[in-house]
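The block underneath contains the structure these notes are about, expressed in C-alpha cells.
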Amino acid sequence: MYQLAGKRVYVAGHRGMVGSAIVRRLAQENCELLTSPREVDLREQAAVREWFAANRPDTVVVAAAKVGGILANDSYPAQFLYDNLMIEANVIDAAHRSGAQKLLFLGSSCIYPRMAPQPIPEEALLTGPLEPTNEWYAIAKIAGIKLCQAYRREYGCDFISAMPTNLYGPGDNFDLTSSHVLPALIRKAHEAKVAGAPSIEIWGSGTPRREFLHVDDLADGCIFLLKNYSGEEHINLGSGKDLPIIELAQLVCDVVGFEGQITKDTSKPDGTPRKLMSGDRIAKMGWAPRISLRAGIEDAYRAFLEQQA
Ligand SMILES: NC(=O)C1=CN([C@@H]2O[C@H](COP(=O)(O)OP(=O)(O)OC[C@H]3O[C@@H](n4cnc5c(N)ncnc54)[C@H](OP(=O)(O)O)[C@@H]3O)[C@@H](O)[C@H]2O)C=CC1
Ligand SMILES: C[C@H]1O[C@H](OP(=O)(O)OP(=O)(O)OC[C@H]2O[C@@H](n3cnc4c(=O)[nH]c(N)nc43)[C@H](O)[C@@H]2O)[C@@H](O)[C@@H](O)C1=O
C-alpha cells in the first residue's frame, strides 16, 4: 500500500472540476498539497521541467487536460490532440526526471472502440476503430496510458492510469457549446423553468446510452487507486450503470422542476451508441461508488445555482 500521509502531492489541473474534487478529497489524507500557478502552461516543456525541479513532488495526479463535450471534441481536433499530448508528455516526463514515486494519469472511457463489447473490459483497448467525434482526444489519452506503461517498463516508475466514465458535479462547465450533456441539461432545464418556456431541446436522437459518475466518487476512486494499485494495466472508474440520454433529460427536468416538453435536434451528433464500462477490476480491489445518479444531479444543480449567484 502506498502512503499519502506526509507526501508532497501535486494536482495538475487543480482549478478544474476533477482537480478541485481531488484537492477536496486529499484534505482527508494528511499530505502536503502542491499546485502550479496559472502562468505555468503545461504544454510548455521548459516551464514544466522548471516547476518540477523547484517543487519536487513525491506524488502526481494528472487532472489537467483540454476537455469538452461531443461538439467541442468534434470542432477542435487539433487542440484536443495537441494540447493533451503535450500536457501529459511534459508532466509524465518531468515527474520521472524529478524523482516522483507515484503518478496517476486520468484518461477517459472514449479510449475504447466505438463498438466495444458492453460492459467494456479494460482488455478492449486497441481492439477496433474509435468513435469519430472524439478520436483526437482518444488518441491523446491512449498515448498517456502508453507513456505510463513505457516509463514503468523502461525506468521502473510506479505510474498508473485510471479511465473515468462521463463525470459531472460541482465545478462543471455549463457553457452550452463546450459542455458535456449533463451540465448542459441542467442549464437548459433551469433556464426554461425560469423563462416559463414550453420545451427544451436535446442534441441527437436521445437513444445513445451513457454512464455517469459524480466527481466526488471519482476523486475517492483516484485516491483509492493511488494507495492500493500499482500495475501496468489501466483501471476503469465508473458507476456501473447507464441510461439513454432521453431518460437522463427526463431525470434532470424532474430534479430541476421543469415540466415542459423535450424536443430533439437530430442535426447534432449522437456519438458512440453506448459506452458502459466494466467496473469488475476496481470492485475486486474493494472500491465502489456511493452517490446515486439522482442525488448526484441534485448536488450538481445546487452547485450550478451557486455558480450562477
Ligand atoms: N469531465 C468529464 O466528463 C471527464 C473528464 N475526464 C478527465 O478528467 C480530467 C479533468 O477533467 P475536468 O476536470 O472535467 O476538466 P476541466 O476543464 O474542468 O479542468 C481541466 C483543468 O486543466 C487545466 N489545463 C488545461 N490546459 C492547461 C494547460 N495548458 N496548462 C495548465 N493547465 C491546463 C485547466 O486549467 P484552467 O482552469 O486554468 O483552464 C483546468 O484546471 C481530464 O484528464 C479529463 O480528460 C475523463 C472522463 C470524463
Ligand atoms: C466524457 C466524454 O465526453 C464526450 O463524449 P460524449 O459522451 O459523446 O459527450 P457529451 O456529454 O457531450 O454527449 C453525450 C450524448 O448526449 C447528447 N446530448 C444531448 N443534448 C446535449 C447537450 O445539450 N449537450 C451535449 N454536450 N450533449 C448532448 C449528445 O448528442 C451525445 O449523444 C467526448 O468529449 C469524449 O471525449 C469523452 O470522454
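Only this structure's heavy atoms are used, side chains among them; waters, hydrogens and symmetry mates stay out. Every number for a ligand or one of its atoms is a count from 1 in the order of the listing.
Residue-level proximity to ligand 2 for W203 is carried by backbone and side chain together, each with a heavy atom below 4.0 angstrom. Under 4.0 Å from ligand 1, not a single heavy atom of N173 appears. With a 4.0 Å heavy-atom cut-off, ligand 2 is reached by the side chain of K275 but not by its N, CA, C or O. For V215, no heavy-atom contact with ligand 1 is shorter than 4.0 Å.
Looking at atom 27 (C) of ligand 1, its nearest protein heavy atom turns out to be I87 CD1, 3.8 Å. Considering only non-hydrogen protein atoms, atom 18 (O) of ligand 1 sits nearest to M17 N, 2.9 Å. Counting protein heavy atoms only, atom 4 (C) of ligand 2 is closest to H180 CD2, 4.0 Å. L42 N, 3.0 Å is the protein heavy atom nearest to atom 30 (N) of ligand 1. For atom 6 (N) of ligand 1, the closest non-hydrogen atom on the protein side is G107 O, 3.9 Å. Residue, atom and distance of the protein heavy atom nearest to atom 8 (O) of ligand 2 are R210 NH2, 3.0 Å. Regarding atom 31 (C) of ligand 2, its nearest protein heavy-atom neighbour is D270 O, 3.4 Å. For atom 11 (O) of ligand 2, the closest non-hydrogen atom on the protein side is V181 N, 2.8 Å. The nearest protein atom to atom 25 (C) of ligand 1, hydrogens excluded, is given as A65 O, 3.3 Å; this is a heavy-atom distance. Nearest protein heavy-atom neighbour of atom 9 (C) of ligand 1: A63 O, 3.8 Å. For atom 8 (O) of ligand 1, the nearest non-hydrogen atom of the protein is V18 CG2, 3.7 Å. Counting protein heavy atoms only, atom 11 (O) of ligand 1 is closest to V67 CG2, 3.6 Å.
Checking only distances, P164 never comes within under 3.5 Å of ligand 1, N or O to N or O. Considering both main-chain and side-chain atoms, L167 comes within under 3.5 Å of ligand 1 through a nitrogen or oxygen pair. For the pair S109 and ligand 1, the shortest N or O to N or O distance does not fall below 3.5 Å. For ligand 1, the polar-atom distance check against D41 finds a nitrogen or oxygen pair separated by under 3.5 Å. Taking distance alone, with nitrogen or oxygen atoms compared against 3.5 Å, S109 stays at or beyond that limit from ligand 2. Considering backbone and side-chain atoms together, N73 places an N or O closer than 3.5 Å to an N or O of ligand 2.
Tested against E211, the residues S109, P164, S239, P119 include a single side chain to side chain contact (heavy atoms under 4.5 Å, CB included) partner, S239.
Listed by number with element, the atoms of ligand 1 under 4.0 angstrom from any heavy atom of G13 are 21 (C), 22 (O), 41 (O). Set against the non-hydrogen atoms of S179, the atoms of ligand 2 under 4.0 Å away are 26 (N). When each atom of ligand 2 is checked for a heavy atom of G68 under 4.0 Å away, the hits are 33 (C), 34 (O). Under a 4.0 Å criterion applied to the non-hydrogen atoms of R43, ligand 1 contributes the atoms 29 (N). Residue H180 approaches ligand 1 through these ligand atoms, each under 4.0 Å from one of its heavy atoms: 1 (N), 2 (C), 3 (O). For ligand 2, the atoms lying closer than 4.0 Å to a non-hydrogen atom of G69 are 12 (O), 34 (O). Here is the list of ligand 2 atoms found below 4.0 Å of a heavy atom in S108: 37 (C), 38 (O). Near R38, meaning under 4.0 Å from one of its heavy atoms, ligand 1 places the atoms 36 (P), 38 (O). Near Y137, with a cut-off below 4.0 Å to any heavy atom, the atoms of ligand 1 are 44 (C), 45 (O). Here is the list of ligand 2 atoms found below 4.0 Å of a heavy atom in A184: 22 (C), 23 (O), 24 (N).
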*Take H180 and Y168 through the ring pair (Phe, Tyr, Trp, His ring centres under 6.0 Å) test and state the conclusion after the steps.*
CA-CA 8 Å; H180 291 99; Y168 68 97; over 10 Å; no

*For the pair E29 and K7, evaluate salt bridge (charged side-chain N to carboxylate O under 4.0 Å, His left out) and give the outcome as yes or no after the intermediate values.*
CA-CA 9 Å; E29 296 297 325; K7 296 280 165 52; over 6 Å; no

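Judged by distance alone, the side chain of N73 and the main-chain N or O of G68 form a donor-acceptor pair under 3.5 Å.
For M163, the heavy-atom gap to ligand 1 stays at 4.0 angstrom or more. Assignment of K141 to the shell around ligand 2 is not supported, since no heavy atom sits closer than 4.0 Å. Using a non-hydrogen distance threshold of 4.0 Å, K188 registers as a contact of ligand 2. Residue contact check for ligand 1: L106 places a non-hydrogen atom closer than 4.0 Å to it. A heavy-atom separation below 4.0 Å is found between T165 and ligand 1.
Residues V181 and I200 share a hydrophobic cluster, clusters being chains of Ile/Leu/Val/Met/Phe/Trp/Tyr side chains in contact below 4.5 Å.
Listed by chain and residue number, nothing satisfies the ring-ring contact (aromatic ring centres under 6.0 Å, His included) test with Y76 (two or more places apart in sequence, or in another chain).
The nearest protein heavy atom to atom 2 (C) of ligand 1 is closer than 4.0 Å.
A salt bridge is defined here as a Lys NZ or Arg NE, NH1 or NH2 lying under 4.0 Å from an Asp or Glu carboxylate O, and R294 with D254 meets this definition. The pair D242-K275 fails the salt-bridge criterion, with no side-chain N (NZ, NE, NH1 or NH2) lying under 4.0 Å from an Asp/Glu carboxylate O.
Taking only non-hydrogen atoms, the option from P269, G271, P208 nearest to atom 29 (C) of ligand 2 is P269.
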